Protein chains: 2
Amino acid sequence: MAVDRDQVLRGAAALLTRKSTATMDEVAKAAGISRATLHRHFAGRDALVRALEALGIAECETALDAARLDEGPAPDAARRLVREIEPAAGLLAFLYTENQLFEGEELHHGWTRLDDRISDLFRRGQLSGEFRIDLTPAWLTEALFGLLASGAWMVQSGKGAPKDFQHMIAELLLGGALRPGQAPHSPAPQNPAPQSSATQIEES
Amino acid sequence: MAVDRDQVLRGAAALLTRKSTATMDEVAKAAGISRATLHRHFAGRDALVRALEALGIAECETALDAARLDEGPAPDAARRLVREIEPAAGLLAFLYTENQLFEGEELHHGWTRLDDRISDLFRRGQLSGEFRIDLTPAWLTEALFGLLASGAWMVQSGKGAPKDFQHMIAELLLGGALRPGQAPHSPAPQNPAPQSSATQIEES
DNA sequence: CCAGGATGAGACATCTGTGTCTCATCTGGG
DNA sequence: CCCAGATGAGACACAGATGTCTCATCCTGG
């Protein structure tokens, strides 16, 4: 009855997302198969993590496609992105922190692709005047992943409601903690604004 | 010559911050002592992590004190917080993700104290009308830690400049990615927003 | 100068997780 | 109905890390 490889991966992801140090034995149990069978499908823990990485990347790519990042206002695209990527947030949180371990090893080239696609969104928003330009697209991308991880953990630990996930992340990422209209205090120099789509009231 | 325990901890932190899976042997070398001596000071890896936790908490408490969170405009206090806490960011990043492992175990009560103090800052900012009220203080606190970790990793990986650390985090946390003046699209209802820095208590 | 305390180096036993292999069992297709 | 293929259970050896202990050495204070 050939174990459903994808099913196994999802079971593994569900566990490793919560306990990143879980044993192959625990993973096997979580997936509902024996350790032997787990080994038959994935040469070792490393191979398993790689497979999860591939799964995570694939889900992200799918999410990015579904979010149609290059359509409409950039902020709306960012919100769509958060919405589409939510199901993968737990897995991403695992992979994101896991990646901090791979010191020298080259990281999966798929990540750089994702990074690029998301960075492009932020860059597009900057060019259109919708996003501020004193925060680099690379940082905004990194911050998005960080917030996704924080949000996923918060929900998992029960400190936050799942229904608030998208709002929490998208709103903080886009609007920050300040109330709209609040003038920044020690702001970075912001160009007079080439301006563009929407109204902007200029600050200070 | 009694090894300087604090010195050892900082050495360990410097390494574990980069490689969270480092061996006791590696930690010892990094701290410039033998594994035997390391064991004489810390019963085991667990004890070491606990000590690091205590160190991180202590540094955070110090940073919070130095930031004088209850003085002046909340946004300014938040910026001071980011500035003061920067030196501990690496250690925090390690502890923050490490904490995701302690499943059932009660986490060091020092964390909840820190959480409370920071949450209070955000709550204060909300009451004064400086911070938006549709994001809970708990989430803002969590997000701050997440961004600190992301920022620390970004700097460590060389993808970001250390000098930008404070600006990246404080500005994103407070102002978000949107340009000032950009009207939020799918925003939560937010009051018209009075004016700027000084006191303002109202709010709904 | 000498004794006590601390450290470094390394031996050792132990433990845990891993990877491999065997064998009985089960299931589905021919 | 029968066989091939896949799975579960468990034995085994191995590698890496850990915790403990011993012994020689090196300060440092008295």
Side-chain angles (χ1 to χ4, degrees), chain A residues 1-56 91 93-95 97-105 107-108, chain B residues 1-56 91 94-95 97-105 108:
Chain A
M1 346 108 96
V3 161
D4 179 351
R5 175 191 161 103
D6 207 63
Q7 196 63 25
V8 172
L9 273 182
R10 294 185 184 284
L15 172 61
L16 287 172
T17 279
R18 292 194 309 273
K19 185 179 179 183
S20 60
T21 59
T23 265
M24 288 295 274
D25 204 79
E26 296 175 297
V27 172
K29 278 188 176 57
I33 62 177
S34 71
R35 195 165 66 91
T37 301
L38 180 58
H39 269 288
R40 286 188 190 103
H41 284 271
F42 305 97
R45 187 194 180 72
D46 197 65
L48 176 62
V49 173
R50 296 299 176 178
L52 282 175
E53 201 170 33
L55 176 64
L91 182 53
F94 163 67
L95 296 173
T97 57
E98 190 83 354
N99 275 340
Q100 305 306 326
L101 306 184
F102 299 163
E103 280 191 291
E105 312 176 35
L107 54 155
H108 198 301
Chain B
M1 348 63 177
V3 162
D4 180 351
R5 175 190 160 103
D6 208 64
Q7 196 62 26
V8 172
L9 274 182
R10 294 186 186 283
L15 172 62
L16 287 173
T17 278
R18 294 194 308 273
K19 185 181 178 182
S20 61
T21 59
T23 267
M24 288 295 272
D25 204 81
E26 297 175 295
V27 172
K29 278 187 176 56
I33 61 176
S34 71
R35 195 165 66 93
T37 301
L38 180 59
H39 267 287
R40 286 188 190 102
H41 284 270
F42 306 97
R45 187 194 180 75
D46 197 63
L48 177 61
V49 172
R50 295 301 176 177
L52 282 175
E53 200 170 36
L55 176 64
L91 182 52
F94 163 66
L95 295 174
T97 55
E98 191 81 355
N99 274 341
Q100 306 306 327
L101 306 184
F102 300 162
E103 278 188 293
E105 311 176 34
H108 198 300

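Each chain gets a letter, A, B and so on, in the order its sequence line appears, and its residues count up from 1. Basis for what follows: all heavy atoms, side chains included, without hydrogens, waters or symmetry-related copies. Keep in mind the model is a prediction, meaning the values are calculated, not measured.
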Distance in angstrom units between B:Q7 CD and C:dA6 P, rounded: 19 Å

C:dG17 phosphate, OP1 or OP2, under 4.0 Å from A:T23 side-chain N/O: yes

Side-chain N or O of A:T37 closer than 4.0 Å to phosphate OP1/OP2 of D:dG8: yes

Nucleotide C:dA6, atom C1' - distance to CG of B:L38 in whole Å: 15 Å

Any side-chain heavy-atom pair of B:L16 and B:E98 under 4.5 Å: no

Salt-bridge criterion met for B:E26 and B:K29 (N-O under 4.0 Å): no

Over all atoms of both residues, closest heavy-atom pair of B:D25 and B:R35: OD1-CD, 3.3 Å

Spacing between A:H41 atom NE2 and D:dG5 atom P, to the nearest angstrom: 15 Å

Atom pair CZ/CD of A:F94 and A:E53 - distance to nearest 0.5 Å: 9.0 Å

Protein-nucleic acid N or O pairs under 3.5 Å, nucleotides 19-25 of chain D:
residue	atom	partner	partner atom	Å
D:dG19	N7	B:R35	NH1	3.1
D:dG19	O6	B:R35	NH2	2.9

Separation of atom NZ in A:K29 from atom C1' in D:dG8, rounded to whole Å: 11 Å

Distance, nearest 0.5 Å, that separates CZ of A:R10 from CZ of A:R5: 12.0 Å

side-chain hydrogen bond (donor to acceptor under 3.5 Å, both in side chains) involving B:Q7 - partner list, sequence neighbours excluded: none

Nucleotide D:dA9, atom P - distance to CD1 of A:I33 in whole Å: 11 Å

